[in-house]
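Data block below; observations after.
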Amino acid sequence: KAAPGAKGGKDGQKESGLGLAVTREEDFGAWYSQVVVAGELIDYYDISGCYILRPWAYSMWETIKDFMDKEIKKEGVENCYFPLFVSQARLEAEKDHIEDFAPEVAWVTRSGNHDMECPIAVRPTSETVMYPQFANWIRSHRDLPLKLNQWCNVVRWEFKHPTPFIRSREFLWQEGHTAYSNKADADKEVRHILDLYRRVYEELLAVPVIPGVKSEKEKFAGGLYTTTVEAFIPATGRGIQGATSHCLGQNFAKMFHIEYENAKGGRSMVWQNSWGCTTRTIGVAVMVHGDDTGLVLPPRVAPLQVVVVTIPNTKLSQEDSDRLRDTAKGMTAALVAAGVRTKLDDRDNYTPGWKYNHWELKGVPLRCEFGPRDMDAGHCVVVRRDTREKETVKLAHLTVRAAEICEEMQADMLARATEKRNASVATCMTFDGFVEALDDKKMVITPWCETKASEDLVKKMTADATDGGAAKTLCIPLVQPPLAPGTKCFVTGAPATTWVIWGRSY
């Protein structure tokens, strides 16, 4: 069997461009596994579920990180760093919290040749690492609000099918942890951060998301409530949690005794939030936008936005060859000076066609083709990665037009993805047609009574009715359609209290 990303594959497989042996439609999972390797985003490691992020992927994460870091600092959030390890006593201080994370916790039990007297856990998240310190630092109402964030890695020893970026045992993220004197301020921040996550997906990654609230069954363990941005992969008919912003209420404050002297001289407990966004963002963008040729990267996060490819001609004189290369270098320098991330590919040991395929596989938004005829005419040919549209651009206008095309492509990618996502939503007023909609690769919005028992019932009924997998609630959307008086829950017949979105999920 060919290695992921290797050209070729089994007999009978359709070869779809440089390095890909299957199409999205033939086998989406195999396509994704190949494209993240062939597109030079990741490489595999000898520990299952752990992946090497290559510079192409890490550059995308840096763009997301830089955007978010700037935005959270506007709100007074400060960066810090807490240890990777957490003691068993701290980790188990909050019962609901540890029960939810227990199957995923990795433990260090041995040091050298000796068993450790007290095993220590590798952080799956940092609430229990950080909050004992909050209790030491917050003594007065003047110490509030406390707003901290750390950019770090966490380890969750997933036993489900590991998938690069989507579900891995170690991943990179930011985790914000804040404390307030009142619930109103905490609630306000939860929504502000949620909108920041929406902007990451929609403004940077051109991926539409649905902001909403998680059900009681699906909320963060130990928290008061969880808000989420939910993405959807039309090719597989599965939802995916994009990022979450939690209001923890005062539960952790009780567990870790985070109390302070209030303005009236009495004692109060803080209200806390935590919020996180991970490298899963990259995988979602790849799944939503990629095609049978390779990656299709939104210009705002693409490590390179333009690649200039020279088209040499063996009949050219040395003087004209030098002039072609020098002009291409000048074009590249001008684009870089204008703030467009650009690279010149003037390698003469590869054909132009090979180079076209190479950069298409890596998803570079624009290719600028430049040959002898273009040089004589004073223009170049700009090719969009997403639509393959070609446009002849005067060299004098290249810097301006390249930036414009990047913005047009960014907007078009979001519009196309939104149209596909919207076409993947069905409405069911009763359970009739619900499973059929799931099997048709759709999310389903229904009226719901918001009980855990009904959610468990839907999970069981869908698991029994089809081989496609059980459904669960993805979110209660913040933007609610009108709910007519007397509307019944689609599965129990009890009075409905809200609209909720169901789906299969990653």
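- Between the side chain of R421 and the backbone N or O of A231, no donor-acceptor pair lies under 3.5 Å.
- Between K472 and K217 the shortest side-chain heavy-atom distance does not fall below 4.5 Å.
- Partners of K73 according to the salt bridge (charged side-chain N to carboxylate O under 4.0 Å, His left out) rule, which considers only residues two or more places apart in sequence or in another chain, are D69.
- Few gaps surround CD on E62; more than 12 heavy atoms of other groups in view lie less than 6.0 Å from it.
- Of the candidates R198, H192, R199, R191, R198 is the only one forming a side chain to side chain donor-acceptor pair (under 3.5 Å) with D195.
- Using the six-membered ring where Trp is involved, Y131 and F252 have ring planes that are perpendicular, over 60° apart on the 30 and 60° scheme.
- Around CZ of R142, the count of heavy atoms belonging to other residues, nucleotides or ligands within 6.0 Å does not exceed 12.
- A salt bridge links E407 to R300: one of the charged nitrogens lies within less than 4.0 Å of a carboxylate oxygen.
- With sequence neighbours excluded, the residues that form a side-chain contact (heavy atoms from CB on, under 4.5 Å) with E216 are K219, K452.
- By the 4.5 Å heavy-atom criterion applied to side chains, W107 and Q88 are counted as neighbours.
- Between the side chain of R504 and the backbone N or O of G468 there is at least one donor-acceptor pair closer than 3.5 Å.
- Residue L91 comes nearest to V86 through the heavy atom pair N-CG2, 4.0 Å, listed as atom of the first residue, atom of the second, then distance.
- A salt bridge does not link K147 with E189: every distance from a Lys NZ or Arg NE/NH1/NH2 to an Asp or Glu carboxylate oxygen is 4.0 Å or more.
- The side-chain heavy atoms of S505 and E230, taken from C-beta on, include no pair separated by under 4.5 Å.
- E75 is not listed as a side-chain neighbour of L196, based on a closest heavy-atom distance of 4.5 Å or more.
- Aromatic ring centroids of F134 and F256 lie 6.0 Å or more apart.
- With a 4.5 Å cut-off on side-chain heavy atoms, E218 and T228 do not count as touching.
- Counting non-hydrogen atoms of other residues, nucleotides and ligands closer than 6.0 Å to CG of N113 gives a total of 12 or fewer.
- Under a cut-off of 6.0 angstrom, the local environment of CD in E408 is crowded, with over 12 non-hydrogen atoms contributed by other residues, nucleotides or ligands.
- Taking the six-membered ring where the residue is Trp, the centroids of Y51 and Y44 are separated by under 6.0 Å.
- The closest side-chain heavy-atom distance from Y32 to P164 is below 4.5 Å.
- The side-chain contact (heavy atoms from CB on, under 4.5 Å) test applied to M429 returns T427, P447, T487, W499, not counting sequence neighbours.
- Residues E450 and V500 have side chains not in contact (no heavy-atom distance under 4.5 Å, counting atoms from C-beta outward).
- Within the 4.5 Å cutoff, the side chain of V444 has no heavy atoms near those of the F490 side chain.
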